[in-house]
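One structure is given below, encoded as structure tokens.
Naming convention: chains lettered A, B, ... in sequence-line order (proteins, then strands); numbering from 1 in each chain. Small disclaimer: the values here were computed from a predicted structure and weren't measured.
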Protein chains: 2
Amino acid sequence: MRATQRRAAIRADHAPNAGTGQLDLGPLPNLTGYVLRRTQLAVFDDFIRTFALLGLRPAQFSALIAIQRNPGRKQSEIAAALGIKQANFVALMDKLDQRGLTRRVRSSTDRRSHALTLTPKGAALLQKALGVLEKYERRFVSQLGSGEHERLLELLRKIRLVSSAR
Amino acid sequence: MRATQRRAAIRADHAPNAGTGQLDLGPLPNLTGYVLRRTQLAVFDDFIRTFALLGLRPAQFSALIAIQRNPGRKQSEIAAALGIKQANFVALMDKLDQRGLTRRVRSSTDRRSHALTLTPKGAALLQKALGVLEKYERRFVSQLGSGEHERLLELLRKIRLVSSAR
DNA sequence: TATTGTTATACTCTATAACTATA
DNA sequence: TATAGTTATAGAGTATAACAATA
């Protein structure tokens, strides 16, 4: 759909070391945001491949957990706790409902809102997923050591606070 | 575009503690991937707001750095080094070209390929951006301490390796 | 035949505005 | 008026397939 770009017909050789070794990325490999992003992408790729067996994406997985731990809560509360916009959470819940994993029940006290719960099928799938998760997560802990892994999470939480405090 | 969902008209009260305190997210706040994701989103939000003055998104910023450090390299090499698919890198480069920040020059040795360079305008913008970046990055280092910050990056690199080794 | 850059396309995630039904 | 859920829509990011020019 973009208009085709026409560029100057200037000629030049590539850099002398073109095609050989690695590129110099300057400060990028030491930037908090860059390392965070590349790592997060790798971890999510891994997660998605691992949980594809169960048909669960990261956000779906987190929604099932949140509903299990807080049955009967409003849709907007669950969404907010997960950092997902209410409007975007609707499609996610539609999928889980369609698959028979969750149920939205009109509240009798406030008929605007939905109380979310897991179906038995949803609870069973989540149990299976939690089993997979344990092995999945153990790899990180065993590669880093339990102390270092906990330290990583603490540092990430600190960084998050620094960023969101603006 | 989705078909409208019809749901059962069952009624139920919300959870007794609905509307009160925080939700219990169970294992989520201690999961590598979850904490990584929430942190990365917060850091990127912060980055995007900070560099909106200069009109630079994270990927554009990283592209300018990579081109500056490796002038004359092929478009495909720069894209690969940044972990961006060649097909998706085209639109990114179109934008930078249109803004007069970069130039794509046909190689005289391999006329299929483009040698990427910064224009003087691009180099000047990047200099400004690097100045902003230094202050931006300093917040993380000073909040964590230089040693802890370096440790964080090391742990992230290790985690990335664990995930991508599959 | 293979590679470079490109186009087209689709899917996910995210963000905002506006509607509806209820309060 | 305000809130909960929803719809529509748009913008990024990402993934694959296929094409033209060139090797």
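D:dT7 atom P lies 13 Å from atom CE of A:Met93, rounded to whole Å. Computed from coordinates, the B:Gln40 CD to D:dA12 C1' distance equals 13 Å when rounded to whole Å. Atom CZ in B:Arg106 sits roughly 8 Å away from atom C1' in D:dA21 (whole-Å rounding). A straight line from CZ of B:Phe89 to C1' of C:dT4 spans 14 Å, rounded to a whole angstrom. Counting to the nearest Å, the C1' atom of C:dT4 and the CD1 atom of B:Ile78 are 14 Å from each other. Rounded to a whole Å, the CZ atom of B:Arg111 is 22 Å from the P atom of C:dA2. Between A:Gln75 atom CD and D:dT3 atom C1' there is a gap of 14 Å when expressed in whole angstrom units. Here the C1' atom of nucleotide C:dC13 and the CG atom of A:Leu82 are 14 Å apart, to the nearest Å.
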*Please report the C-alpha distance between A:Phe51 and A:Arg57 in whole Å, then the side-chain angles of each, then the deciding distance to 0.1 Å, and finally whether the side-chain contact (heavy atoms from CB on, under 4.5 Å) criterion is met.*
CA-CA 7 Å; A:Phe51 287 84; A:Arg57 313 257 322 163; over 6 Å; no
Contact list (N/O, under 3.5 angstrom) for nucleotides 13-17 of chain D vs protein:
| unit_1 | atom_1 | unit_2 | atom_2 | d |
| --- | --- | --- | --- | --- |
| D:dG13 | O3' | A:Arg37 | NH2 | 3.2 |
| D:dT14 | OP1 | A:Arg37 | NH2 | 3.1 |
| D:dA15 | N7 | B:Asn88 | OD1 | 3.3 |
| D:dA15 | N7 | B:Asn88 | ND2 | 2.9 |
| D:dA15 | N6 | B:Asn88 | OD1 | 2.7 |

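Put simply, the side chain of B:Arg166 reaches to within 4.5 Å of the side chain of A:Thr50, judged on heavy atoms. Between A:Leu126 and A:Ile67, every side-chain heavy-atom pair lies at or beyond the 4.5 Å cut-off.
In summary, the side chains of B:Glu137 and A:Thr32 do present a donor paired with an acceptor at a separation below 3.5 Å, with no hydrogens or angles considered.
Closest of all the heavy-atom pairs between B:Arg73 and A:Gln22 is NH2-O, 4.0 Å. Closest of all the heavy-atom pairs between A:Leu25 and B:Ala81 is CD1-O, 3.7 Å.
Looking at the side chain of A:Gln86, the nearest of the listed nucleotides D:dA23, D:dT3, D:dG5 is D:dG5. Nearest to the side chain of B:Arg104, among D:dG5, C:dT6, C:dT22, sits C:dT6.
Using a 4.0 Å cut-off, some side-chain N or O of A:Ser76 falls inside it from OP1 or OP2 of D:dG5. Within the 4.0 Å cut-off from OP1 or OP2 of C:dT4, at least one side-chain nitrogen or oxygen of B:Lys74 is found.
Interface remark: the A:Arg112 side chain does form a donor-acceptor pair with the D:dT3 base, using a distance-only criterion of under 3.5 Å.
Residues satisfying the ring-ring contact (aromatic ring centres under 6.0 Å, His included) test with B:Tyr34, not counting sequence neighbours, are none.
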